[in-house]
Asker: 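One structure is given below, represented as C-alpha cells, and several questions about it will come after.
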Amino acid sequence: MFDPATTALLRTVLDEVCESVSRAETGARAHVASKILEAATRGEKSPDHLKQVGRQALSQAPTMWR
C-alpha cells in the first residue's frame, strides 16, 4: 500500500499520461497504470520519471489499445 500522497501522485501521473486516451480504453489505461505502479513499487517517486515510464508504456501498448 502507498501513503495517500503517493497514491494521489500516481493518479495524477496516470491522468496526465493518458489525457489523450478515452476512459473507455480500460486496457490501455490499465497497462500504463501497471507500469507506473511497478516503478513506484521499486521506490520511484519522481513525477517526471513516473511520467516517462507511463509514456513509454503507452507507446508500447498494442495498437488496439490506442
Side-chain angles (χ1 to χ4, degrees):
M1 286 304 274
F2 296 107
D3 61 71
T6 301
T7 301
L9 170 64
L10 298 176
R11 185 178 311 270
T12 298
V13 168
L14 177 63
D15 287 343
E16 286 182 25
V17 170
C18 291
E19 67 185 355
S20 65
V21 178
S22 167
R23 289 202 178 264
E25 296 290 333
T26 57
R29 292 178 67 83
H31 178 72
V32 172
S34 70
K35 296 301 182 182
I36 292 170
L37 283 171
E38 285 176 16
T41 300
R42 291 190 306 267
E44 184 57 59
K45 302 247 172 119
S46 162
D48 289 335
H49 187 263
L50 292 171
K51 287 177 193 175
Q52 180 181 2
V53 167
R55 287 185 195 110
Q56 182 176 2
L58 185 59
S59 72
Q60 294 175 346
T63 307
M64 67 181 196
W65 287 354
R66 286 186 259 156

Asker: At what distance, to the nearest 0.5 angstrom, does CG of Leu9 lie from NZ of Lys45?
Answerer: 9.0 Å

Asker: What verdict does the side chain to side chain contact (heavy atoms under 4.5 Å, CB included) test give for Asp15 and Arg23, after you've listed the backbone C-alpha separation in whole Å, the side-chain angles of each residue and the deciding distance to 0.1 Å?
Answerer: CA-CA 10 Å; Asp15 287 343; Arg23 289 202 178 264; 3.5 Å; yes

Asker: Once rounded to the nearest 0.5 Å, what's the spacing between atom CD1 of Ile36 and atom NE2 of His49?
Answerer: 11.5 Å

Asker: Locate the shortest heavy-atom distance separating Ala40 from Leu50; write the atom from each residue and the value.
Answerer: N-CD2, 4.2 Å

Asker: Val53, Phe2: one ILVMFWY side-chain cluster at the under-4.5 Å cut-off?
Answerer: no

Asker: Examine Leu58 and Leu37 and state if one hydrophobic cluster contains both, with Ile, Leu, Val, Met, Phe, Trp and Tyr joined whenever side-chain heavy atoms are less than 4.5 Å apart.
Answerer: yes

Asker: What distance separates Glu25 CD from His31 NE2, expressed to the nearest 0.5 Å?
Answerer: 13.5 Å

Asker: Considering non-hydrogen atoms only, spot the tightest contact between Ala28 and Val21 and give its length.
Answerer: CB-CG1, 4.2 Å

Asker: Does any non-hydrogen side-chain atom of Gln56 lie less than 4.5 Å from one of Val17?
Answerer: no

Asker: What pairs with Glu44 under salt bridge (Lys or Arg N to Asp or Glu O under 4.0 Å), at least two apart in sequence or on another chain?
Answerer: none

Asker: In Å and rounded to the nearest 0.5 Å, what is the CG to CD distance from Asp48 to Gln52?
Answerer: 9.0 Å

Asker: Can you name the nearest heavy-atom pair linking Ser22 to Arg29, along with the distance?
Answerer: O-CD, 3.7 Å

Asker: Compare all side-chain heavy atoms of Lys35 with those of Leu14 and state whether any distance is below 4.5 angstrom.
Answerer: no

